[in-house]
Structure formats: structure tokens, C-alpha cells
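Below: one structure, written as C-alpha cells.
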Amino acid sequence: MTDLVAHLNPPQAEAVLHDEGPLLVLAGAGSGKTRVLTHRIARLVAERGVPPWAILAITFTNKAAGEMRERIVGLIGPLGREVWASTFHSACVRILRREAEAAGLPRDFTIYDADDQARLMRQCLVDEDVDPKRFAPRAVLAQISDAKNRLLAPEDLASQAGSFTDDIVVRLYRRYADRLRAAGALDFDDLLMVTVRLLENDEATRHRYQSRFQHVMVDEYQDTNHAQYRLVRILAAPQNNVMAVGDDDQGIYSWRGADVRNILDFERDYPDARVVALEQNYRSTGTILAAANAVVALNTGRRPKKLWTDLGDGEPLTVAGFRDEHDEARAVASEIDRAAAEGVRMDQIAVFYRTNAQSRAIEDQLVRRRIPYAVVGGPRFYERAEVRDALAYLRAVANPGDVIAFTRAMGTPRRGIGPGAVQKLQAFADTHRMGIGEAPAQADMVDGLTAAQRRSLAAVATLFAELSQAARAGLPFDQLVRMAVDGSGLRAMLEADGTLEAQGRLENLDELVSVAAEYQATADQPSLQGFLDEVALQSDGDLVDQDTGAVTLMTVHNAKGLEFDVVMMTGMEDGTFPHSRSDTPEALEEERRLCYVGMTRARRRLGLTHAETRGFRGSREYRLPSRFLAEIPVTATRATSRGPARRATAATLGHRVASAPGRTQPGGRFDPGDNVVHATFGEGVVTGVESRGSLVRVRFANDGTERRLMAGAAPMRKVETA
DNA sequence: ATTCAACGCTTTTTT
DNA sequence: AGCGTTGAAT
């Protein structure tokens, strides 16, 4: 048995040696928190006699959970595999599958992802006769999600509601909940909420889990929402052996209900908590750290901290501007080639961006230069239409009540069963108290179907029966998937298509078959339900593979928890990053934290780029350099212009510094004759000034129109063009 | 009743 | 640019 604190610094050792009672670890970026977590667990098991299965360790991704488990195994052997390491959502599914009866759930409940939710909500809007234009399904769902994260049922929301809008949302929430129940489905938020309710209301179950979990540990605690917070409180009680690890500067998920107060108020919630701060960074150079610190330091309401490193200054950050996203991408590719020529491994290089759509321009260039790359996130494998189509057949069989899956399956391939026929089947299923998935077998009894539809449904019934029989007989999952793909006619449909796109879709279906085979081979107790659960709870982060020999492209959100020798942050423009929709002070601070997270992923080299114009939803928009660039101390940077981008650079940067930190120039600086550039209208010339300078008239070159703009508010600046 | 073609709007981030 | 809704053709 190795000495578990041998290579730890004093605060790390203090945390690892903490035995019982609440512990808060404030872990700055790159301060070795995973090490502390794994070592502490190893010590509790190996030296304090805590059974591994009595430890619940919550991580942010399934992949992180797996890695944590392996590291523990590395420290104390196979016993470490028994630790409950998982995400909140996976842990809840595990509990709910086991306690389905007590929770009032069907044993084979289905998990609905965002796409399923939206489809279901659409039906609810129809039910409630609400115009989907005025109430976008996703927007309504966001409000419902918000409520669920705060553990509010429709009734609770009703008591708070007042306005007309709120009333409609309450009605939709109620209807949506009913429909979920009818389908035997839970959405992501339900997984948490239902588990909390179960534990709060069912004393016996609560006691069982409370005594089972002697220690509860939560990583990324700053990103927990209220439901998760409550779950931790309940499970940790009464002995409160809870360890929260996090960093308030890295909270980037408030938009999905995360509440930084959870970490800021930890000591109030657990008054006898021990607090340990990890402030030595082992990852980045001093320059990178100083730059990142300077940016995040501008936020208010954060715990003061002083991250430091003894790794030396390293090289300065590079900041460069380009004409458009294509030039930017070319420069990124050049930077990658340069780094590779210096001996940096491709898989130690990452390109970050704020939004997934930005990956495209970069991918184009990397393909052209034959630079191997892997995109994390974006259109996820399991979100591809054909994959979802194939899975819909399996879901419809696993849970005959799942209308969404059933409807989807009926629609692809085309077999003459549209919304009308589905409705008739649903009505029939309702009156005969069966799931809609069981209705095709009785198609003869359903009123109002055409002969062709009955024939079509008979084939569906046969397929369902075969699939269900095969699943029960324990046919390997890859064969089950293949059966769905072939038997449904999906494969035939795509093969008949013959286009390159259909070719790709077929490949994805083959990929799904291998994923199923993989599941078959690795799962403890393979089951159809388990396979579908795993698919539903798969996260982008789970698919990050850092040993591929390829450059990694991803959003800054997905970069959390990772590190690379060389990081390029692209799209550093106001409106892109910070995102234009983050226009409140709070949202802006979150963007800044996001920027901090991105910067602190870099070990040795950090480059930041921006483009003057960017294609956006078909049209081209003008962009000013991000205010975050201006927040980086000049001493930490070296402005460069590399490769084909000659244009921007020093002059642009001069502008950027001059205009920072505001989004726009203060009013009263425009005079007739000034050349200006506006974020949406482009270049123009000031033709007049009104209201003592607060209103300017500008004629735009693009369309020749003249517009009157608020000098202080318009996203516009002067340019010194020749 | 289903399916196909044109129009209009927009999610930023994700378990 | 891409999706979903809408309106016309089958």
C-alpha cells in the first residue's frame, strides 16, 4: 500500500486526511482536485475501513466517473470498482430503477431527452390550444425545467404565478406532466426531482440510502442546482459526511439551474465544515494564469483567491485579429502545424469556441490541411435522426406506452401511418388500457383505418413481436439493433436513396450496431432498458478521447475539466464571446467565468483570435474584439498577425483597447463624415448628428439606406479607414 | 390522409 | 443555414 499523502502539498494532504464531517475543498483550476478526491476515497477504504460501496462520488460526466473509479482501483485494487461513482443523473436512474415501485413508476420507465421533450410539448400546446408561435416549445420547457430544478410542481408554480403568461405555462406544465406519466417517461429534470421526492416522502427508502451512503462527495459543486443540492443534503444526513469540491470562478451552468450560492453558502449549510483551499496550480504557466486571473478578477461576489504556480512564466499569449472566420481558421491551422512541428502532439492541442456552429469554418480548413481532428459535441451521435429512428423501434418495444418513440417509428420509413392513424391507435389504446405500442397487433379492431394501413400495421406488429421476443430471449444487442434496422425497412430506405448523405447515415447505423456490441460486452448486467438508459444519459464529455492523435475541437463548456498543452480560443468577439444573449450583468459575469475556464485549460501556450466579420445565419455580421481581450494585461500578450491574415492586428487591437471595456463607444463621439462600422448594418458614413450628439444619422454602404441610431447604444464604432 | 415544396424564424452553452 | 410549420398536390 503506497503512502497516500506522499506526493501531496499541505492543503491537499489536509483534505485527504479529513475523516468525518463536512468538508469543502475550494479547488482552483488545475490544483489537483481529482487527485484529492481519489486519494481521499482510497484512504477511507484502505485505511479507515469504509466499504467502497458506501461511498457515493458524484462527477460531472460518466467518463469522469469511470476515470475516477480506475484511479481508485490503481491506488487500492479491484475493491475500488465498488465505489458508486457516477453523475447525478445516472445515480438517480440507478436508484429509481431499483425503487420504481416505491417511487410510483413503471419498472420500464423511459428517459426523454430534449428532442423527445420538445415533441411531447408540441402535443401539449395542441391540447391546450396554445399558439406555438407565441409560446415556443423550447422556451416553455426551459421554464418548466427551471421549476423542476427548484423542485416545484405545477401547483407550486401556480401559487406563484400571476400574469397571463405564467398561467399558460402552469397549464402546459400540468399537461406535460400528465403526458409524461401517460407515456411512462421521465425527462432529465424528473430524474432528480422524483428521486428527491421519493427520498423525502418515503422514510423507509430514505433510511436505507442514508445508511448505505456513509460518505457523499460531489465534484464541480459550483454547478449543482437546487434539486441536486437537496439530494446531497438528504443522502449525506444525518452524519453529514459530505465533501464538496468546486470553484466559484468556474460556475458556467446557471442557465440550467446551477446556483453558485450552493458553494458560497456551504459553511452556512454545514456549520462545522472544514474548508480547505487548493491554490497551487500545477497546470499552466505563470503568464497564462496571470492573464486568466486578471479577467476573472473583474467579477464581483466571488471568493477572493490567489492561484499561483511555480512553473515559470512561459511564453506570452498571442492575440490576433482576422478579416473573417475563414482567415481565422487558416491561422488556427497554421498554429497547429507550427506547434506540431515543434513536437507538440496533435492530441495535446485544442481549439475552443463559444458555439458549436463555429466549428464548421475550422473543420473546413483542418480537412484541407489534412490535420486530424475530432469534434466533441455538436450534433451528437445519438441525436442523429437515423440513430434516433432505429432506437425508436427498440424504445417502443421496451415501453409500449412511449408515444413519442412509437410515433417516430411509424413515421420512418414512410409506411402510410401518419398523425391521423396514430391518433386513432392512441384512442384505441386508451379505451382498452394498453400501451400504444400494443395497438398495431389489434389493428383490425381499430376504427377508421384504411385497408392499406391495416396491412402496414400488421407488419409493424410482427416486427414488434419479433423484437420483443428476441430481447426476452437474450439475443445480443448488436443483433437486436440490426434486427430493428433491417426489419423496419430503415436500411432498405437508405440504400434505395443512394446519395452520399444516405451512405453516411448507413454508416451511423452500423456504428450504432457496434456501440450495442460494445455495451453487450462491457455491461455488468446487459438489458435493453440498461442500453437505452446509457444512450440517454451519454454526454458529450463522455466521448472525449485524449489519446487519438487528433486535435480536439469543442465548445468552451465542453472543455471543463480538461487540459491541453496548446489551446486556441477562437471567436473572441463581442456578441460571439461574450454571447450577445448574455446581456445582463450576471450573464456577463458567467461569460467571463467561461472565458476563465477556457484560458485555464492551457498548459503552455494560449492563443486568442477574433474575426472582424462572421457569417451568421446566412448573412455576414461585423464584430468587435471581445471585451475579454481588453481585460488581459498587455504584459501577458504578444499581438501577432500570422499567415494569410495581414489585415487586422495592431491597428485593430489599438481600437479594441481604446473601446474597452464597453460594448460600444460612449455617445457624443460621432461627427458628420466619420466612417463607422455597425454590427449588423456594416460600414457606413455619418451624415448627421441630432439631439446634441446622442442620435446619429448614418448612411450604410451595404444597402444605401440611412438610419438614425442612438450614439450611446448602437453596436457601432468609428473606423479610421483610408 | 399523406406527402411534398415553399416560407419564416431562430438555441448559446447541456445532463 | 437549417428546421418546422404552412399550404397545395397526390
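Here is how names work: the chains are called A, B, and so on, in the same order as the sequence lines, proteins then strands, and each is numbered from 1. Note: hydrogens, waters and symmetry copies are ignored here, and every other heavy atom, side chains too, is used.
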Which part of the nucleic acid does [X] contact within heavy-atom distance under 4.0 Å: base, sugar-phosphate only, or nothing?
| X | result |
| --- | --- |
| A/G615 | nothing |
| A/Q453 | sugar-phosphate |
| A/A421 | sugar-phosphate |

Measure the distance from [atom1] on [X] to [atom2] on [N] and round it to the nearest whole Å.
| X | N | atom1 | atom2 | result |
| --- | --- | --- | --- | --- |
| A/D583 | B/dT11 | CG | P | 15 Å |
| A/D146 | B/dT11 | CG | P | 17 Å |
| A/R408 | C/dG4 | CZ | P | 9 Å |
| A/D115 | B/dT15 | CG | C1' | 16 Å |
| A/R415 | B/dT2 | CZ | P | 13 Å |
| A/N62 | B/dT15 | CG | P | 9 Å |
| A/L120 | C/dG4 | CG | P | 16 Å |
| A/Y229 | B/dT15 | OH | C1' | 21 Å |

Handout entry: C/dG4 and B/dT13, which share atom name P, separated by this distance in whole Å
Key = 16 Å
Problem - Rounded C1' spacing from B/dT11 to C/dT6 in Å - result: 22 Å
Problem - Closest-nucleotide 5' rank along DNA chain B - winner of A/R138 and A/L192 - result: A/R138
Could you work out which one of [options] sits closest to the side chain of [X]?
| X | options | result |
| --- | --- | --- |
| A/R360 | C/dA1, B/dT12, B/dT14 | C/dA1 |
| A/F188 | B/dT15, B/dT12, B/dA1 | B/dT15 |
| A/R354 | B/dT15, B/dT12, B/dC4 | B/dT12 |

N/O to N/O distances under 3.5 Å, protein versus nucleotides 6-8 of chain B:
none

Handout entry: Aromatic stack A/H579/B/dT12: centroid gap under 5.5 Å, interplanar angle under 30°
Key = yes
Donor-acceptor pair between [X] and [Y] side chains, under 3.5 angstrom:
| X | Y | answer |
| --- | --- | --- |
| A/R620 | A/T613 | yes |
| A/T555 | A/N356 | no |
| A/T355 | A/Q358 | yes |

Problem - Test side-chain hydrogen bond (donor to acceptor under 3.5 Å, both in side chains) applied to A/R261 - qualifying residues, sequence neighbours left out - result: A/D259
Practice task
Output all residues satisfying side-chain hydrogen bond (donor to acceptor under 3.5 Å, both in side chains) with A/D115, sequence neighbours left out; order by chain, then residue number.
Solution key: A/R119, A/R388
Handout entry: Partners passing salt bridge (charged side-chain N to carboxylate O under 4.0 Å, His left out) against A/D249 (at least two apart in sequence or in another chain)
Key = A/R302, A/K305
When you compare the protein's N or O atoms with those of nucleotides 6-10 of chain C, which come within less than 3.5 Å of each other, and at what distance?
none

Those residues that, when tested against [X], pass ring-ring contact (aromatic ring centres under 6.0 Å, His included) (two or more places apart):
| X | value |
| --- | --- |
| A/F616 | none |
| A/Y173 | none |
| A/F577 | A/F628 |
| A/H226 | A/Y229 |

Hey, is the side chain of [X] poking within less than 4.0 Å of OP1 or OP2 on [N], counting only N and O atoms?
| X | N | result |
| --- | --- | --- |
| A/T555 | B/dT14 | yes |
| A/N558 | B/dT14 | yes |
| A/R581 | B/dT12 | yes |
| A/R414 | B/dT3 | yes |
| A/N356 | B/dT12 | no |

Result block: side-chain N/O donor-acceptor pairs under 3.5 angstrom for residues 417-428 of chain A, not counting sequence neighbours:
from, atom 1, to, atom 2, distance (Å)
A/K424, NZ, A/G448, O, 3.3
A/Q426, NE2, A/D430, OD1, 3.0

Practice task
Verify whether the ring centers belonging to A/F60 and A/Y253 lie closer than 6.0 Å.
Solution key: yes
Problem - Within residues 247-260 of chain A: residues closer than 4.0 Å to DNA chain B (heavy atoms) - result: A/Y253, A/W255, A/R256
Completion exercise
For residues 88-100 of chain A, the salt bridge (charged side-chain N to carboxylate O under 4.0 Å, His left out) pairs (sequence neighbours left out) are A/R97-A/D533, A/E99-A/R208
